[in-house]
Amino acid sequence: NERSPIDVILHSEIYPSTKPKKILLIPFECPTWDNARRWSYNGFYAIQNALLAQGADVTTLPAMAGIPSNHPASCLHEDNREILCKENQYDQAWVWITHNDYAPDFLKWIENIAPIRVGVIMESLEHTEDEERQFSNLSSRRQKVLKDLKNFTHALTFDDEDAVTLPKDLPLKALWCPPVVCWRDIC
């Protein structure tokens, strides 16, 4: 009975392996303090630290807010990822989905380089009509995320309801991840 990669990493279960898993990690990054001050970075570092603690070989390529993956300034642009990703195959790719703009060629590349692809959904996709009226960007968020998630095998959600509803919309496995912090931030 194979466990999902999300279960293995988040529950800190150690499975003996002859070689470390190669994981491509593509977190959400903000290029300016004006945007970054609203975000907590400890969630990304907690996931990265958990992967490293499990012995994974992690390559991190940031997805910059406001810079589409096909823009020449993006680390994810085809020319740049060829330089930055020395490996052309990974066991898993973990990609922050909610706020980033991924071009179809980038999503196809992710499909080609990693058989297991985890879409990280760091905000709720469930909103009331009042919330959608107050924040117009929320009304289209779920459809945008679903469009990108079609290229993924798993979803890690920060809203427990999304972990229930996403597998009804797409053929993927989903797991709720309560807000995460690094162990060193607690001790």
Side-chain angles (χ1 to χ4, degrees), residues 4-6 8-10 17 19-123 125 137 140-158 166 170 172 174 177 180 182:
S4 82
I6 297 169
V8 172
I9 299 302
L10 294 179
S17 176
K19 66 176 190 155
K21 297 271 187 217
K22 291 189 318 186
I23 298 178
L24 178 60
L25 196 61
I26 302 177
F28 172 71
E29 278 290 339
C30 296
T32 65
W33 176 244
D34 187 49
N35 291 2
R37 67 182 175 181
R38 293 175 260 218
W39 293 95
S40 167
Y41 284 95
N42 62 356
F44 156 65
Y45 287 117
I47 290 174
Q48 182 185 46
N49 286 347
L51 294 167
L52 292 169
Q54 295 300 312
D57 177 11
V58 178
T59 299
T60 302
L61 282 182
M64 303 299 283
I67 303 176
S69 63
N70 59 356
H71 189 281
S74 172
C75 292
L76 308 179
H77 184 273
E78 182 177 11
D79 295 339
N80 298 329
R81 66 183 184 237
E82 286 179 15
I83 296 166
L84 298 170
C85 286
K86 305 217 182 333
E87 302 290 333
N88 58 5
Q89 289 295 310
Y90 293 87
D91 298 305
Q92 299 176 14
W94 291 53
V95 182
W96 274 240
I97 299 288
T98 316
H99 293 286
N100 299 335
D101 295 317
Y102 298 119
D105 71 307
F106 170 77
L107 294 169
K108 188 67 174 166
W109 176 73
I110 289 291
E111 281 187 357
N112 290 331
I113 64 160
I116 297 172
R117 299 170 305 280
V118 181
V120 180
I121 318 301
M122 63 249 186
E123 290 183 14
L125 301 176
N137 62 317
S140 60
R141 179 174 289 165
R142 184 175 185 81
Q143 290 312 310
K144 181 249 185 244
V145 169
L146 287 173
K147 182 174 130 305
D148 286 351
L149 274 180
K150 288 179 182 176
N151 303 88
F152 291 82
T153 59
H154 296 77
L156 178 65
T157 72
F158 283 36
L166 287 174
L170 296 169
L172 54 71
C177 173
V180 292
C182 297

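Every heavy atom of this structure was used, including side-chain atoms; hydrogens, water molecules and symmetry mates were not. In this chain, residues are counted from 1 in sequence order.
- Scanning all heavy atoms of the two residues, the minimum distance from Thr153 to Pro115 falls at CG2-O, 3.6 Å.
- In this structure a side-chain-to-backbone donor-acceptor pair under 3.5 Å is missing from Asn88 to Ile113.
- Among all heavy-atom pairs drawn from Asn80 and Pro72, the shortest one is ND2-O, 2.9 Å.
- Expressed to the nearest 0.5 Å, how far CG of Leu166 lies from CG of Leu146 amounts to 6.0 Å.
- The shortest non-hydrogen separation linking Pro62 to Cys75 is O-CB, 3.8 Å.
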Run the numbers on Thr98 and Phe158 for side chain to side chain contact (heavy atoms under 4.5 Å, CB included), then give the verdict. CA-CA 11 Å; Thr98 316; Phe158 283 36; over 6 Å; no
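- Within the model, atoms CG of Asn70 and CG of Asp101 stand 9.0 Å from one another, a figure rounded to the nearest 0.5 Å.
- When all heavy atoms of Cys30 and Ala65 are compared, the pair lying nearest together is CA-CB, 4.4 Å.
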Take Arg141 and His99, measure what side chain to side chain contact (heavy atoms under 4.5 Å, CB included) needs, and give me the verdict at the end. CA-CA 9 Å; Arg141 179 174 289 165; His99 293 286; 3.2 Å; yes
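- Atom OG of Ser74 sits about 9.0 Å away from atom CE of Met64, to the nearest 0.5 Å.
- Between Leu149 atom CG and Ile121 atom CD1 the span is 4.5 Å, to the nearest 0.5 Å.
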Trace of the side chain to side chain contact (heavy atoms under 4.5 Å, CB included) decision for Gln92 with His154: CA-CA 10 Å; Gln92 299 176 14; His154 296 77; over 6 Å; no
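- Counting heavy atoms from C-beta on, the side chains of Ile26 and Asn100 never come closer than 4.5 Å.
- Interatomic distance, NZ of Lys21 versus CD1 of Ile116, reported as 6.5 Å (0.5 Å rounding).
- The closest donor-acceptor contact from the side chain of Asp91 to the backbone of Ile23 lies at 3.5 Å or more, if one exists at all.
- Residues Leu76 and Arg81 come closest through the heavy atom pair O-NH1, 2.8 Å.
- With values rounded to the nearest 0.5 angstrom, Thr59 atom OG1 is found 8.5 Å from Lys22 atom NZ.
- With hydrogens and angles ignored, the 3.5 Å screen pairs no side-chain donor or acceptor of Lys108 with any backbone N or O of Ala103.
- Using modelled atom types, one side-chain atom of Gln89 and one backbone atom of Asn112 make a donor-acceptor pair closer than 3.5 Å.
- The salt bridge (Lys or Arg N to Asp or Glu O under 4.0 Å) analysis of residues 54-75, with sequence neighbours excluded, yields no pairs.
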Using the side chain to side chain contact (heavy atoms under 4.5 Å, CB included) rule, take Ile110 and Asn151 through it: C-alpha gap first, then chi angles, then the decisive distance, then the call. CA-CA 8 Å; Ile110 289 291; Asn151 303 88; over 6 Å; no
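- The shortest non-hydrogen separation linking Glu111 to Lys150 is OE2-O, 4.3 Å.
- Proximity of a side-chain donor or acceptor of Arg142 to a complementary backbone N or O of Ser140 within less than 3.5 Å is not detected.
- Under the 3.5 Å distance criterion, the side-chain polar atoms of Lys144 are matched with a main-chain donor or acceptor of Ile97.
- Aromatic ring orientation, Tyr102 versus Phe106: parallel (interplanar angle below 30°, classes split at 30° and 60°).
- The shortest distance between side-chain heavy atoms of Trp109 and Ser69 does not fall below 4.5 Å.
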